[in-house]
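Below you'll find the structure, written out as structure tokens, and then a few comments.
Protein chains get the first letters and strands the later ones, always in sequence-line order, with residue 1 at the start of each. Just so it is clear, the structure is predicted and the values come from calculations on it, not from any experiment.
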Amino acid sequence: MDRIRNILMSLAFAFAGGISMNAQGGYVVSGTVTDQFGPVIGAAVVEQGTSNGTSTDMDGSYSLTVTGPSALVEISCIGYASQTFEAAAVPSEVNLKEDTEYLDESVVIGYGTVKKDDMTGSISAVKAEELNRGAVVNTQDMLKGKVAGLLVTPGDGGPGSGSRIRIRGSASLNASNDPLIVIDGVPIAQGAGGAMSNPLDLLNPNDIESFSILKDASAAAIYGSRASNGVILITTKKGKGSRPQVSYSGSLSVQEISSKVSVMSAEELMDFYSKTFPAGTPTGDRIAELAGDSVTDWQDLIFRTAFATEHNVSLYGNLKDRMPYRGSAAYSGQQGTLNESRYDRGTVDINLSPNFLDRHLTFDVSAKGVYSYSDYSDSGAIGKAAFFNPTQDPYWRNADGSIDYTTTNGFWNYGNGRGTGFSPNTLVGPSPLSMIYDNLSDAKSGRFIGRIAADYKVHGFEALRFNVSAGIDITETATYNGVRPGSFQAYADTGNLRVGQHTKGSYLSRSQLFEAYADYTEKWGIHNLSLLAGYSWQNNYWANRNITYYNETNEIKLDPGETVDSRYLKYRHENYLVSFYGRVNYSIDSRYVFTFTARGDGSSKFAKPYRWGFFPSGAFAWNIAQEPFMKGVKAVSTLKLRLSVGMTGQQDGIGDYVHLARYTMSNDPYRMYNMGSPSGYIHLLTPQAYDPTIRWETTVTYNVGLDYGFFNDRLSGSVDAYIRDTKDLLNSVQVPMGSNFGNKLMTNIGSIRNKGLEFSVNAIPVQKPDFSLQVGFNGTFQNTEFTKLNPTEDRNYYIETGGISKGTGGYLCRQMVGYAPYTYYTYQQKYDADGRPLQNEFVDRDGDGTITDNDRYMTGKSASPKFYYGLNLKLTYKDWDFGINGHGAAGTWVFNDFASANSTASLDLNSGALPNQAMLVKTTGFTAPNSGRQWYSDYFLENASFFRLDDINLGYTFRGVGKWESDIRLAVGMQNVFILTGYSGMDPEVISENGIDNTIWPRPRTWSLRVNIGF
Amino acid sequence: MKKIIYMLMAALTAAACVRDLDTLPLNKTEPISEYVYGTDENAYLSGLGRLYFQFVTNDLTDLQQMDGGASETIRAFWSVQETTTDAAKCSWENDAWVRALNTNTWTEVQNDAVYAVYVRTLQGIAYVNEYLRQTEASKLKDRGVPEALAAKIDGFRAEARFIRAYLYWMALDCFGSVPFTTEKSPFGGTYFPQQASRSDIFAYCVSELTYLMSDESPMPAPRSNYPRADKGSAAGLLARMYLNSEVYTGTPRWNECKAVCESIFAMGYTLCPEYAALFRGDNGENALVRGEMLWAVDYNSDKTESYGGTSYILSATLASTDITDESRPNGQVNGWAGLRVPYEYVKKYFDVSGQDYVTGGYEVADKRGEVFYIKGRKESMDGALYSFMNGWSCLKFNNIPYGKTDQEFLPVSATKGFSDVDFPMIRLGEIYLIYAEACMNAGASGQAMPMVRALSARAGVNPPSEITQEFLVAERARELMWEAHRRTDLIRYGLYNTDSYLWPYKGGDSFAGQAFPDYKCIFPIPPVELAANDALVQNPGYARP
């Protein structure tokens, strides 16, 4: 909040004072600064318009030499209103008053702002200044571990990879669990695709002013049918101040992978094989045939130390006090730790807010442009490299030892022959290097978000204002996927032998928005009433096409029966959302606050009778601290009780025309039927299963919250308890035959209950002029379980889900009433006396004497954490600043699918490849082939509780440097510093919702150097 | 003033934009019902084609199933009709559902073949209902379909109704009371269809078929529509329904049955002179075969590529070792080592002798018995139910065209991954035997003697002196072997589950065979269906899991 800025400013001035106190023979001002309780320590005393200043000492006294008696002296301190005097008129004792502006601080909510005191919902507002000061390249990283109830799981190690963001857990199975993101009033389209891995990616983090996380229904219901997963409102920076100001920030980062797959080296492997499969045995002899005499660490060959740079320039000011403006431009370029991967992003952001008619008419114009380029590397190469033959030379060699580029472009591969006579071994597939260097895949995206809004305060009736706005969000993406001619992949391509193919795709996503609302705010004595009514219209449109070409000839590849024209048909679809909404906010003496909101949403995704939804909410807040009986309790500065209940919906993830009767026309030449003379064999038209009554998921949220602040809010925070009941969950379920065209159907089934308790604590234990410390901690206890799962009341009903690497067609998890989503359903491993697992042996849980499918059990464990938390610390000392951020989770379980799939040394050499072995096989001792059941053993189910230190950074600010007296901050930081966990896999933070760990691009460790300059 | 303008503007845009919510796909090529039919005859034909294809499809798009091929309608129905009787046993020991069918030991636990019959038939019925909804006269009119085409579509609708009746027959024969829906039933995710009783479904089918074979119906004329259905097909199925009327409803309808057969005789169908030709790769192209077919389902090695139906029957009855570069006895390249006939059946009904399992030779008087492949086989399944080589392979269905030898067909059979043999759903030979049974029960045996003699003559054996039930049991075993009638027949004769007739592994794991309970004359409603639809009642004798 502003306090932080103030403290920094006062510190800056306090120390700058020492530098510029050189006005020989100047005018000396001195005295003390007090408040109602006594001396104020650390208040800033500054000569206005200069960097000349000091701060008050332990007794609240100060002395400052200024240029003359008419100089203006400003005395300020956080939490108090500033006072300004002519030097000659400064009273000897300045009595500071509490800053009412601070108390009036407003928070961005849906369609407006609200005074912090009048806020009734569970909203976490985060100002950008409070966020990470390390090398933040992505907006999503700014929120990690900062807000109670908000869980940000970082993506994998790929550059620009997207995080998973969940507000108060997941409540949906097949629809989206992503929160609605609204940037400056424009709800942005999900799934824009292409190089934008997630919607937050279009923002330069430096442009962000604040986030508001709307968590309970009272706050979110104004967004109706899209708000069940919570809403993140992002406000970007606007112009301010008067004189033009320019700032620059830049950074340079270095990334390295934090871990590798633990496999054997060439020597270890040959040693292991010679013991396990001795020479003379068929397997041993075959190994000897297949082994080479090189020593290759394939993982070292595919990974690299990656560099990233970032530059931001922004210019802002206010032209003639009529036209605040801000513009910024930024570029970031990131190499991936996997060779050949890269992510570049350029952004431009312009904000203008001119006002006319004596500030009655204000326009708000914003335009954001983003261009991003992703060069993808085949991340499948990571798993391949781990287990590729380490005794093999990675390149084809000529007799003289140089690389032979005539065979599979120089990269060694399994197969027979050389040069054009090479015949690839497709059972093994390409080598890791071929996968990286001979697969070509990239995406280029351009995105534009623009909005223009007019806000008019009625002349003579200023309590009423009208706001009309139009917004647009367009993304265009071009993708390329192909292989290089001459590569292993091209040699394996029977369609275009030795040359290969490539596919070009183009995607368009466009969202248009029109909004109009009227707001009426009036105050009568202690009564404060605010009314809002609005209307919104939104259209979302997508189109795409893919065309495959033969390499070199660039001839379009056609399937039998296809014409060139048919390749050019774009797949296009759209949906509309029309809404009416309103809000009443009524407060009595800022002590009793009532809020009612309602939104009616009509969505084209649903059939007429199910199209309109009504989403009401109500909330009450009681500002206990403002009560007369609390006035005497000085220690308590904030105490507010909040109660709310309301309804929200969820429709993302539901297709645009799923309620319509649909058909498929078969075009396979081998799926035809003979209709006799004269038609003969014809293609067939099949009705598809569909649900004409499909509707959105609905969530009712109950929330009880308490905001507290002690000692003038030096210790503050909030506690919220909530229950979310979601009904009409969407899932694919068994439906009765005869009711539809199949036995499974995507439809609304069952309910889920999400309970939680979240809290945050912010403390400022030390607050001195040259030393301050701020500590924040937030945590969320959470429990989610199904309360109903199908149209029958059968509690044993389940839905299978969660595929693993091995065991085709099997599932690891079940959705079942009374359990959390994606609860693991495993066999119980048997162990020997030494605690070593017995391969292919399990506990006969049903006691029938044999191990059958019925011996699997619901473990009660799932990936969703019982508790997750975030921690941050900020320390300033003189011109130094230091911060750390971390987050963690407890009671979360991960299935180590990677271990399950690589747990046995058993060899299948039929493919002609000699695989490497995971070090794990020495732990398990498994040497036989794994049975179908072994893959599903609870031996691989691990407690994945962790704490990750996300970020540590240290900065130093040089004040008043050079001609423009710029402040220059230099900082060094480190990201992904360490992780504390008992989990044996690479990283306990698994990206997939079901907790099955089989993605292994390790998250990198990053060192960065950052500079900020303000002119 | 400004306020009013703003409010008016808002109101107008709001009203206009609410209509935006009525969206249709932007691509006119996207096959939704609003775009798909129009006035295009081919579209209506494609919709009808899919209904026929329901018997052949391996498709799992909308069905959660074990395996596309194994759940094909005719294959699954064949499995429950033949492998639960004396006529066939399957050697796929690893499949629990196979073991349960072989030994009549199924319970209410899901049996994949039984489940497939249930879902494929009911899915087909749902497709027919949808087709009838989409081709209602009023819809055609709305789409501006010209009268000439509308008249054709009327014929298509009649065919669709026949297909529905056939699927209902399969379902009622296997399950008794099944969820009953027509084009007038509601549709959608929250609709729970109710069961109709077996006799109500019977009555519905009879009324549909009676109409479809009548002069008023737009159903195509008999023998005019191969391989699609016509009035002859409707009459043939109606005869079969009446034949089993007592089992389905408690009331025999022999006179009605007899009358329908007689009207079929007036339709001009003729017995194919060569029995063997009926089941060969070229049967659909053979005019003599077509003269006997009241309805057949088309299989084609290139166009339908089904793993079910005749592809299944003729592949599964040989082992891959029987198929070599020098010989492909079933006229294609697959040998799945599954199906064979217990020797006891062969001996009892065909009176074979002189079998030589080394050369594969044996002697049989009846031409219908010249279909067994015994090279390398062992005679008895005693203790060897799951040993494929024990029992006689049956190549009655054979992809080698009639009149061609294995050697002559070798170059072509090498290219055949699937079967070309059309599966006879209803043929005149069956109608002759239905007629014989109806006449016998109506006390008019004499009227059927010419038909019985015709079948004997074609088989090259002496006709019986009179028509008895024993004769009919045996003659149907010979004439209609492996044509998916056996279970229905044995139930009608009271031989299916009782101890008056035993066969290897009947009713359990004993080679001698044993009786099993009456309730197994119908199959249980699959458990997942019961879970999905509270309104369903489980068949007697089976638990509701």
### Cationic N near anionic O, under 4.0 Å, A:Asp455 to A:Arg465
yes
### Task
Check each atom of B:Tyr37 against the heavy atoms of chain A and say whether the ones under 4.5 Å are side chain, backbone, both or neither.
side chain
### Query
B:Gln54 versus chain A, heavy atoms under 4.5 Å apart: side chain, backbone, both or neither?
neither
### Query
Among residues 123-131 of chain B, which residues come closer than 4.5 Å to chain A, judged by heavy atom distances?
B:Gln123, B:Ala126, B:Tyr127, B:Glu130
### Query
Contact part of A:Tyr657 toward chain B, heavy-atom cut-off under 4.5 Å: side chain, backbone, both or neither?
side chain
### Message
For B:Tyr118 and B:Phe175, take the angle between the two ring planes, folded into 0 to 90°, and tell me which bin it lands in: parallel under 30, tilted 30 to 60, perpendicular over 60.
### Response
perpendicular
### Task
Identify which of B:Val36, B:Leu45, B:Asp298, B:Leu24 forms the greatest number of heavy-atom pairs closer than 4.5 Å to chain A.
B:Asp298
### Query
Between B:Glu183 and B:Arg164, is there a side-chain N and carboxylate O pair less than 4.0 Å apart?
yes
### Message
If you compare all heavy atoms of A:Leu684 against all heavy atoms of B:Arg50, which two are closest, and at what distance to 0.1 Å?
### Response
CD2-N, 3.5 Å
### Query
Any idea which of A:Ile694, A:Leu660, A:Asn539 has the most non-hydrogen atom pairs under 4.5 angstrom with chain B?
A:Leu660
### Message
Counting neighbours of OH on A:Tyr517 that are heavy atoms of other residues, nucleotides or ligands and sit closer than 6.0 Å, is the number greater than 12?
### Response
yes
### Message
So for B:Thr181, is it side chain, backbone, both, or neither that comes closer than 4.5 Å to the heavy atoms of chain A?
### Response
side chain
### Part of B:Val297 lying under 4.5 Å from any heavy atom of chain A
both
### Summary
Bottom line for B:Asp302: the part with an atom under 4.5 Å from chain A's heavy atoms is backbone
### Query
When you check the side-chain N and O atoms of B:Asp422 and B:Tyr226, is any donor under 3.5 Å from an acceptor?
yes
### Task
Using non-hydrogen atoms and a 4.5 Å limit, figure out which bit of A:Lys608 sits close to chain B: side chain, backbone, both or neither.
side chain
### Message
Which atoms of B:Val56 are under 4.5 Å from chain A, going by heavy atoms: the side chain, the backbone, both sets, or neither?
### Response
side chain
### Task
For chain A, find which of B:Gly47, B:Ser301, B:Pro179, B:Pro227 contributes the most heavy-atom pairs closer than 4.5 angstrom.
B:Pro227
### Message
Looking at every non-hydrogen atom in both residues, tell me the closest pair between A:Leu361 and A:Leu357 and how far apart they are.
### Response
CB-CD1, 4.0 Å
### Message
Using heavy-atom distances under 4.5 Å, tell me whether B:Leu48 contacts chain A through its side chain, its backbone, both, or neither.
### Response
both
### Query
Hey, does the Lys NZ or Arg CZ of A:Arg611 hover above the aromatic six-ring of A:Phe606, less than 6.0 Å from the centre and inside 45° of the axis?
no
### Query
Who are the salt bridge (charged side-chain N to carboxylate O under 4.0 Å, His left out) partners of B:Glu72, not counting sequence neighbours?
none
#### Entry: No-hydrogen, no-angle side-chain donor-acceptor test under 3.5 Å, A:Ser603 and A:Asp601
no
#### Entry: Portion of A:Arg671 that has a non-hydrogen atom of chain B nearer than 4.5 angstrom
both
### Task
Output yes when A:Lys727 and A:Glu697 qualify as a salt bridge under the 4.0 Å nitrogen-oxygen rule, no when they do not.
no
### Task
Decide whether A:Ser469 and A:Glu515 meet the rule of one side-chain donor and one side-chain acceptor closer than 3.5 Å.
no
